[in-house]
Amino acid sequence: MEKENAIQKKVIFSGIQPSGQLTIGNYLGALKNWVKLQDEYECFYCIVDMHAITVKQEPKELRQRTLEVLAIYIAAGIDPEKNTLFIQSHVPQHAEGAWLLNCNTYMGELSRMTQFKDKSQRYGQNINVGLFDYPVLMASDILIYQADLVPVGHDQKQHLELTRDIAERFNSAYSPTFKVPDPYIAKVGAKIMDLQEPTKKMSKSSDNPNSYILMMDPPEVIRKKISRAVTDSIGVVNYTDDQPGIKNLIDILSTIKGTTSEEVVKTYEGIGYAQFKKDVGEAIVEELAPVQDKVKELVADKKYLESVYKAGAEKASYIANKTVRKMKKKIGFIQQ
Ligand code: TYM
């Protein structure tokens, strides 16, 4: 009975790249929502190591980070018993699906992707084919699980739109094969901004460590980075685009506390930036401290992590294989 229920639940797929240490942007924009969705949906949460290698990775660090990201998923509250947690490269259907979808995707579509444009500017020495093809692998990730919903931050919206276009195109070329997934982008927290340049997204690839807070930053570092966050000379805690630094700190605080921006503004009426920043720093420390402790415990238990990702890959492969077989059959490949 339990199994039947699980099959009827709507499906979620999402992933994070182990390409650097995770920031509170990843946490507030994605992970925190995943935790909320896990009871209602059948969730596949993946560590997308194949996406990570579209920019150069040190092999030893990639291995460490992949396990650390898995530990972070679990420590943040994603229950490995209820959800399928796995590593992308352990399920070869992701790459296979991507090839099949490649042949249904246009160069023009991929060259319009803003993430590709940004990254090819940033990594000008290494504009590899994988970087260009990245969104098709992402489409494959999602479509081979017949996902209904994809919880992501705002920056992934364009990739989700492309995924929908590819799915619809395949469905109309060969007959319905894929669910056309919807993005799930939270109202607050979906775009946490850079602390030094608050008109830019907070990113783990920034060169200035003061511009982001890492999930594993120690409390004193978190406090210091928040106290140094760029604000303005207006001196009033207001939620407006004219005060992007303060707006971002309000977003961070309200996402952590589960309150609205209006409530935060009201609380800080007549209170200066110093106290406000102090409280934001403290809220982040309080939110992350238990997660950090658990991560440290989990990364020391390699056997346990291995048991989680192995079981995850087995379950994921089973589902992914069903869709990939269907795709191949419809395309006209001889069935094995
Ligand atoms: P990645 O690894 O860059 O980021 C992981 C998740 O964190 C969100 N995020 C943010 N949210 C709010 N504010 C920020 N500053 C911020 N920075 C990052 C991202 O939107 C994302 O949800 N392409 C994806 C990984 C991926 C994927 C997938 C996601 C590969 N295949 C299939 C969903 C479904 C990426 O680069 O995420």
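We count ligands from 1, going down the list as the structure has it; atoms in each ligand are counted the same way.
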Next on the checklist: Pair Asp279, Tyr268 - check side chain to side chain donor-acceptor pair (under 3.5 Å), show working.
Outcome noted: CA-CA 10 Å; Asp279 293 352; Tyr268 288 92; 2.5 Å; yes
Next on the checklist: Using the side-chain contact (heavy atoms from CB on, under 4.5 Å) definition, which of the options Thr163, Val180, Leu100 pairs with Leu143?
Outcome noted: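 The single option meeting the side-chain contact (heavy atoms from CB on, under 4.5 Å) with Leu143 is Thr163.
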Checklist entry - Only one of Thr84, Ile144, Val91 forms a side-chain contact (heavy atoms from CB on, under 4.5 Å) with Phe44, so which one is it? => result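 When Thr84, Ile144, Val91 are each tested with Phe44, the side-chain contact (heavy atoms from CB on, under 4.5 Å) holds only for Thr84.
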In ligand 1, which numbered atoms sit nearer than 4.0 Å to a non-hydrogen atom of [X]?
X: Gly189; answer: 12 (C)
X: Val150; answer: 33 (C), 34 (C)
X: Phe13; answer: 32 (C), 34 (C)
X: Lys201; answer: 14 (C), 15 (N)

[X] N/O under 3.5 Å from ligand 1 N/O:
X: Val152; answer: no
X: Tyr134; answer: yes
X: Gln115; answer: no
X: Asp141; answer: yes
X: His159; answer: no
X: Ile192; answer: yes
X: Ser14; answer: no

Checklist entry - Is the closest side-chain donor-acceptor distance between Asp232 and Tyr273 under 3.5 Å? => result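 Distance-only check passes for Asp232 and Tyr273.
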Checklist entry - CG of Asp301 to CD1 of Ile74: how many Å apart, nearest 0.5 Å? => result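 Going from the CG atom of Asp301 to the CD1 atom of Ile74 covers 9.5 Å.
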Next on the checklist: Starting from atom 10 (C) of ligand 1, what is the nearest protein heavy atom, named by residue and atom, and what distance separates them?
Outcome noted: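 For atom 10 (C) of ligand 1, the nearest protein heavy atom is Gly25 O, 3.4 Å.
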Checklist entry - Would you call Gln88 a ligand 1 contact, heavy-atom distance under 4.0 Å? => result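 No.
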Item to check | Aromatic ring proximity His94/Tyr145, centre distance under 6.0 Å | outcome: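 Under 6.0 Å, so yes.
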Item to check | Residues, nucleotides or ligands: over 12 heavy atoms within 6.0 Å of Asn208 CG | outcome: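 Count over threshold, so yes.
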Item to check | Minimum non-hydrogen distance to atom 18 (C) of ligand 1, winning option of Ile12, Ile24, Asn26 | outcome: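 When every heavy atom of Ile12, Ile24, Asn26 is considered, Asn26 comes closest to atom 18 (C) of ligand 1.
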Next on the checklist: As a check for students: among Met202, Gln156, Met193, identify the option with a heavy atom nearest to atom 17 (N) of ligand 1.
Outcome noted: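 Going through Met202, Gln156, Met193 one by one, Met202 has the nearest heavy atom to atom 17 (N) of ligand 1.
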Item to check | Check: Glu263 side chain, Thr260 main-chain N or O, donor-acceptor pair, under 3.5 Å | outcome: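 Flag set: sc Glu263 to bb Thr260 pair under 3.5 Å.
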Checklist entry - Should Gln115 and Gln158 be marked as a side chain to side chain contact (heavy atoms under 4.5 Å, CB included) after you check the CA-CA gap, both sets of side-chain angles, and the distance that decides it? => result CA-CA 9 Å; Gln115 188 169 307; Gln158 195 186 31; 5.9 Å; no
